[in-house]
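Heavy atoms only: backbone and side chains are in, while hydrogens, waters and symmetry mates are out. Because the structure is predicted, anything quoted here is derived from the model rather than measured. Proteins get letters first, then strands, A, B, ... in listed order; numbering begins at 1 in each.
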Amino acid sequence: MRYWLMKSEPDEVSIDDALAAANATVPWTGVRNYQARNFMRDAMQVGDGVLFYHSSCAEPGIAGLAEVASTPYPDPTQFDAKSKYYDPKSTPEQPRWLLVDVKAVRKTRLATLPQLRAHPELAEMQILKRGNRLSITPVTEHEWRCIIRDLL
DNA sequence: GCCAACGTTGGC
DNA sequence: GCCAACGTTGGC
């Protein structure tokens, strides 16, 4: 069992959107970064815990809890010429981009960046490091417990 | 809208 | 394989 923080722009898929989806499950489309892809491909397992993070919005922060709900499979948007995630260099025979399904568990109180930063036990979180841009980052069990205990 | 940080691209 | 140029991310 591992833990992850996954960023989503709430204008695209918010925690409310995910909870409202069939089976509260959404395909995590649009990851176009190799490091993030490799986490899904190599390290994630069904049932892993997910901090659902809202990014690029008025109030960025952890907005809910979720879990990994599938093994990795090709992201269909990479083959769709009309999608903004289209990748002309990818083919169904040799897909570049993968995704997992994510099942929303519950919405939480928003844990904002200042709140996360104020917590000494969370100082090493990737999301708080300067220049952080990775949309999927591992979270330690200690960080996970700490966030749930004190912030959500 | 600004801009720092970072990833990717492509010429050499 | 280097590295400058360019594009993207994302908080503010």
Practice task
Measure the distance from OH on Tyr85(A) to C1' on dT8(C) and round it to the nearest whole Å.
Solution key: 12 Å
Exercise for the section: Quickly work out the Ile62(A) CD1 to dG11(C) P distance and round it to whole Å. Expected result: 12 Å
Handout entry: Whole-Å gap separating C1' (dC12(C)) and CD (Glu59(A))
Key = 14 Å
Problem - Spacing of Asn132(A) atom CG relative to dG10(C) atom C1', expressed in whole Å - result: 9 Å
Practice task
May I ask you to decide if Ala63(A)'s main-chain N or O and Lys107(A)'s side chain share a donor-acceptor pair within less than 3.5 Å?
Solution key: no
Practice task
Provide, to the nearest angstrom, the distance between the NZ atom belonging to Lys129(A) and the P atom belonging to dG11(C).
Solution key: 17 Å
Practice task
Consider the side chain of Lys89(A), meaning its heavy atoms from C-beta on, and name the nucleotide among dT9(B), dA4(B), dG11(C) that approaches it most closely.
Solution key: dT9(B)
Problem - Nearest-neighbour nucleotide for the Ser55(A) side chain, dC12(C), dT8(B), dG10(C) considered - result: dG10(C)
Handout entry: From dG11(C), dG7(B), dA4(B), nucleotide with atom closest to Gln35(A) side chain
Key = dG7(B)
Problem - Rounded distance (Å) that lies between atom P of dA5(B) and atom CZ of Arg130(A) - result: 5 Å
Handout entry: Rounded distance (Å) that lies between atom P of dT9(C) and atom CD1 of Ile127(A)
Key = 14 Å
Problem - Minimum-distance nucleotide (side-chain atoms of Lys7(A) versus dA4(B), dG10(C), dG7(B)) - result: dG10(C)
Practice task
Measure up the Phe52(A) and Trp28(A) rings against each other and bin them: parallel (under 30°), tilted (30 to 60°), perpendicular (over 60°).
Solution key: perpendicular
Problem - Aromatic contact, Trp97(A) with Tyr34(A) (centres under 6.0 Å) - result: yes
Practice task
Quickly work out the Leu134(A) CG to dT8(C) C1' distance and round it to whole Å.
Solution key: 13 Å
Exercise for the section: Between dG7(B), dG10(C), dC12(C), spot the one nearest the side chain of Asn33(A), thanks. Expected result: dG7(B)
Problem - Distance-only polar pair, side chains of Tyr85(A) and Asp80(A), donor-acceptor under 3.5 Å - result: no
